[in-house]
J.: 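One structure, as structure tokens, below. Some questions next.
We count ligands from 1, going down the list as the structure has it; atoms in each ligand are counted the same way. The figures that follow rest on heavy atoms only: side chains count, while hydrogens, waters and symmetry mates do not.
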Amino acid sequence: MPNIVEYQVQGHVGVITLNNPPVNALSVGKGLLQGILDALKEGDHDPNVRVFLLIGGGRNFSGGADITEFGKPPFPGMATLRDVLTYMDTVTKPMVAAIAGPTMGGGLELAMGTHYRCAITGAQIGLPEVKLGILPGAAGTQRLPRLIGVEKAVEMITTGEPVSTERAHELGIVDEIVTGDLRAAAIAYANKISKEGRPVRRASALTAKVEGDADAFFAAARERITREFRGYPAPLECLACVEAAVKKPFPEGIKFERERFEHLVRTTESQSLRHAFFAERAANKIKDVPEDTPTREIKSAAVIGAGTMGGGIAMNFVNVGIPVKVLEASQERLDKGFDIIRRNYAATVAKGRLTQEAMDKRMGLLQGVQSYDDLADADIIIEAVFEEMDVKKEVFRKLDAVAKKGAILATNTSTLDIDQIAAVTSRPGDVIGLHFFSPANVMKLLEIVRGAKTAHDVIATSMKLSRTIKKVGVLVGVCDGFVGNRMVHAYFREAGFLLEEGATPQQVDKAMEAFGFAMGPFRVSDLAGLDIGWAIRKRQAATRDPSQRYSKIGDLICERGRFGQKTGAGYYKYEAGNRKPIPDPEIEALIVQASKDAGIERREISDEEIVARCMYQLVNVGAQLLDEGIAQRASDIDIVYLYGYGFPRFRGGPMFYADTVGLPKVLETMREYHARLGEFWKPAALLEKLATEGGRFN
Ligand code: 3HC
Ligand code: NAI
């Protein structure tokens with residue numbers, strides 16, 4: 001193992017190499033920053049050294065501060081990034097940074113502390129701290145506007161989006177684009193700087209300028225950011241720091257930035273966003289399927305059914321160059337399905353987000369077929385036919401007869417038992433659930449449902465496939481509704497009970513939107529359509545336990561032919577061609593009557609109660625899913641909600657939210673609801689246990 005920082009003098013260049021795979025996170029605790037500081041000090045005193053080069057030993061320069069160290073006690077006696085940067089501003093020999101791969105956050109701040117930056121093509125250069133609910137806290141908000149101008153710096157810092165090597169060169173972050181072997185090229189560049197006698201060039205000595213009136217610029221930016229980033233405190237703080245770069249001398253700007261960083265890093269929003277970052281990565285890890293499990297090659301795919309889901313699923317594959325055969329029962333249905341796909345792409349072309357050439361290429365990778373024999377060579381076949389067990393079983397029998405050995409046979413079912421489907425085949429190990437969310441070409445979540453017999457390499461391949469098609473895959477087990485829909489069912493049910501007890505749809509929606517959801521439950525229902533749920537409830541009516549509480553409001557609305565936006569009325573009414581929900585006195589009267597019929601006396605319900613009841617239902621079912629082993633870990637449930645249900649990211653997901661409230665408090669409230677509202681509020685065993693032991697879900 002090389003040292004975490006290697007220092008070598010090559011000719012007259014003091015080369016400082018960072019070796020902290022996988023991303024060269026700037027760790028304080030592991031001594032990486034101390035290593036850089038020691039090397040700089042050594043070179044500073046070495047007359048043979050005329051120029052410094054900072055370079056990453058692996059694929060990149062540095063992905064930034066080590067996020068795992070946030071919120072941990074400090075490491076006494078160890079240099080921090082700020083210590084290194086403060087020292088760098090005293091170094092009188094030119095310093096060069098060699099930028100490659102992801103060069104982000106503290107990584108870019110370190111590079112901006114040097115005097116010259118060269119970069120190789122393919123780097124991603126940015127200050128993404130805002131995405132973690134913090135701000136660049138090592139002078140990034142002070143140096144970047146000085147280097148590239150205030151307007152562009154505000155854009156980069158408040159969005160957190162990285163730029164390419166070429167764009168960074170245009171902006172003035174990168175001075176020289178180098179090619180070939182980075183190390184050799186960067187050493188040559190450093191030698192050139194030294195031979196030409198180029199001076200030290202500190203970004204801290206430059207002036208951050210706004211083109212035009214600075215006050216007007218910041219006022220307008222503040223107004224825009226407040227509107228765009230509701231619920232997220234960091235973007236406004238980023239802006240305030242850039243304003244300080246314009247209005248205060250560098251040392252004061254740094255001080256201000258530091259204060260605001262220290263404040264943000266402690267906020268619940270930042271803790272939640274950092275949780276989301278690590279949760280997303282943890283979801284890739286499967287307890288009994290090691291990372292080195294071999295995967296099957298997926299070079300071709302097939303989809304059965306060209307309906308709402310089948311079409312969207314097929315698009316995911318052709319979008320990344322994988323050819324797809326789509327099977328339908330008739331040419332007419334194929335034409336209809338392909339027409340929708342074509343219109344979908346054409347809309348993206350019209351918006352300028354896809355070229356006509358790329359669209360033609362994608363459409364060219366789609367082939368409609370009507371015979372199962374045509375599917376014999378597909379590496380993966382995904383079924384998206386009607387949600388009926390007998391239909392699915394028939395499809396899988398046919399697939400079993402024609403699919404090649406080793407093909408993955410997947411179902412997109414949202415509720416049915418995958419083990420029953422697998423059992424009709426001679427190869428249950430090859431069968432898995434790939435539960436896409438609607439619209440399947442847009443929604444990032446992919447619930448990967450393992451059956452009792454699903455083979456490990458089929459799971460590993462599916463997880464890898466989710467990344468290939470740019471989805472976030474989460475592994476779950478078999479149960480009715482899997483993770484996402486089983487939880488959301490309880491959420492909608494509770495929202496219905498709130499109506500019965502005294503709330504209106506608009507009050508519930510407003511409370512959940514203030515909590516952070518883009519849309520409350522009733523606006524979502526009207527958007528998705530009320531008829532499908534109604535049909536399912538009618539089918540379930542015969543088996544429903546009559547002693548369990550049941551709100552009839554949803555059914556009564558459907559009985560009036562109000563199926564949501566598509567019929568111009570649902571929980572709200574809509575004007576033709578307008579999606580704006582209008583509260584409807586007819587619905588309010590219907591709800592009041594329903595309460596009366598159910599013998600419930602209506603009362604004032606606070607927004608706080610609305611949020612607690614909707615959220616704690618999610619949490620309680622989430623805890624049951626953990627208890628039952630359907631979800632591997634609480635953070636997986638959070639990822640399902642962040643990517644599949646528009647859960648506000650600044651709250652980290654339902655399970656993390658419960659942790660931030662505190663499980664004893666959640667349990668106490670749930671017990672109170674249990675006593676008052678009945679069986680649906682029986683706290684899950686895991687919740688009882690963790691709350692009593694002082695534990696957390698995460
Ligand atoms: N600190 C600690 N661990 C990090 C890390 C960081 N900054 N960045 C990545 N990692 C870890 C990941 O958790 C993952 O760990 P795992 O293998 O145990 O799951 C591993 O490194 C590999 O990461 P990815 O799977 O994400 O690798 P990719 O190649 O897909 O992406 C990346 C690389 C673009 C660098 C991406 O990891 C990323 O965006 N990282 C975060 C970048 C960031 O936000 N930097 C700012 C940090 S805050 C800061 O610098 C504060 C400063 O201003 C003071
Ligand atoms: P859909 O009704 O829009 O499409 C189903 C398609 O399958 C139709 O085009 C039909 O012609 C075709 N089909 C039916 N039987 C067939 C057969 N034997 N062989 C070939 N084609 C056949 O339905 P949708 O919404 O696309 O749902 C499909 C599956 O996806 C269902 O299992 C559903 O539960 C699941 N799902 C649906 C979601 C949604 O929001 N619509 C979300 C996630 C999963």
J.: Who gets closest to atom 44 (O) of ligand 1 by heavy atom: Leu85, Leu132, Leu127?
T.: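 Result: the heavy atom closest to atom 44 (O) of ligand 1 is in Leu132.
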J.: Please determine whether the number of non-hydrogen atoms from other residues, nucleotides or ligands lying under 6.0 Å from atom CZ of Arg281 exceeds 12.
T.: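 Yes.
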J.: Heavy atom of Lys285 under 4.0 Å from ligand 1?
T.: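 Contact check Lys285 vs ligand 1: positive.
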J.: Would you please determine whether Pro22 falls within less than 4.0 Å of ligand 1 on a heavy-atom basis?
T.: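 Flag set, Pro22 near ligand 1.
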J.: Taking the six-membered ring for Trp, are Phe261 and His263 ring centroids under 6.0 Å apart?
T.: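 Between His263 and Phe261, which both carry aromatic rings, the centre distance is not below 6.0 Å.
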J.: Answer side chain, backbone, both or neither: which part of Glu109 comes under 4.0 Å from ligand 1, heavy atoms only.
T.: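 Only the side chain of Glu109 comes within reach of ligand 1.
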J.: Is atom 52 (C) of ligand 1 close to the protein, meaning a heavy atom under 4.0 Å from it?
T.: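 Yes; the ligand atom in question has protein heavy-atom contact below 4.0 Å.
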J.: Out of Arg281, Arg274, Gln124, whose heavy atom is nearest to atom 12 (C) of ligand 1?
T.: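 Residue with the shortest heavy-atom distance to the ligand atom: Arg281.
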J.: Taking 4.0 angstrom as the limit, do Glu383 and Lys392 come out as a salt bridge?
T.: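 Salt bridge: yes.
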J.: I'd like to know if the side chain of Thr103 pairs up with that of Gln124 as donor and acceptor (distance under 3.5 Å, no hydrogens or angles considered).
T.: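 Looking only at side-chain atoms, Gln124 and Thr103 do not form any donor-acceptor pair under 3.5 Å.
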J.: Specify whether the nearest protein heavy atom to atom 30 (O) of ligand 1 is under 4.0 angstrom away.
T.: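 So far as the 4.0 Å threshold goes, atom 30 (O) of ligand 1 is out of reach of every protein heavy atom.
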J.: Can you find an N/O atom of Ala65 closer than 3.5 Å to an N/O atom of ligand 1?
T.: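 Between Ala65 and ligand 1, an N or O pair is found under 3.5 Å apart.
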J.: Based purely on interatomic distance, does Pro102 place a nitrogen or oxygen under 3.5 Å from a nitrogen or oxygen of ligand 1?
T.: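 Pro102 vs ligand 1: no N/O contact under 3.5 Å.
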J.: Testing Thr413, Val449, Ile382 for side-chain contact (heavy atoms from CB on, under 4.5 Å) with Leu434, which one passes?
T.: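 Exactly one option meets the side-chain contact (heavy atoms from CB on, under 4.5 Å) with Leu434, and it is Ile382.
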J.: Name each N or O atom in ligand 2 that is under 3.5 Å from a protein N or O, and give the partner atom and the distance.
T.:
from     : atom 1 : to     : atom 2 : distance (Å)
ligand 2 : 3 (O)  : Thr308 : N      : 2.9
ligand 2 : 3 (O)  : Thr308 : OG1    : 2.9
ligand 2 : 9 (O)  : Glu328 : OE2    : 2.5
ligand 2 : 11 (O) : Glu328 : OE1    : 2.9
ligand 2 : 11 (O) : Glu328 : OE2    : 3.2
ligand 2 : 11 (O) : Arg333 : NH1    : 2.8
ligand 2 : 26 (O) : Thr308 : N      : 3.3
ligand 2 : 26 (O) : Met309 : N      : 2.8
ligand 2 : 30 (O) : Asn412 : ND2    : 2.9
ligand 2 : 32 (O) : Val385 : O      : 3.3
ligand 2 : 32 (O) : Glu387 : OE1    : 2.5
ligand 2 : 32 (O) : Lys392 : NZ     : 2.5
ligand 2 : 34 (O) : Glu387 : OE1    : 2.9
ligand 2 : 34 (O) : Ser414 : OG     : 2.7

J.: Specify the protein heavy atom at minimum distance from atom 2 (C) of ligand 1: its residue, its atom name, and the distance to 0.1 Å.
T.: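 Nearest neighbour among protein heavy atoms for atom 2 (C) of ligand 1, to 0.1 Å: Asp66 OD1, 3.3 Å.
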J.: Is Ile67 close to ligand 1, meaning an N/O of one under 3.5 Å from an N/O of the other?
T.: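 Yes, since at least one N or O of Ile67 sits under 3.5 Å from an N or O of ligand 1.
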J.: How about Gln331: does its CD atom have over 12 heavy atoms from other parts shown lying under 6.0 Å from it?
T.: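 Yes, enclosed.
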J.: Take atom NZ of Lys152 as the centre, draw a 6.0 Å sphere, and report whether it contains more than 12 heavy atoms from other residues, nucleotides or ligands.
T.: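 No, the 6.0 Å shell around NZ holds no more than 12 heavy atoms from other groups.
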J.: For Arg82, state whether at least one heavy atom is located under 4.0 Å from any atom of ligand 1.
T.: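 False for this residue.
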J.: Before we go on, tell me: are the rings of Phe517 and Tyr645 under 6.0 Å apart, centre to centre?
T.: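 Judged by ring-centre distance (under 6.0 Å), Phe517 and Tyr645 do not meet the cut-off.
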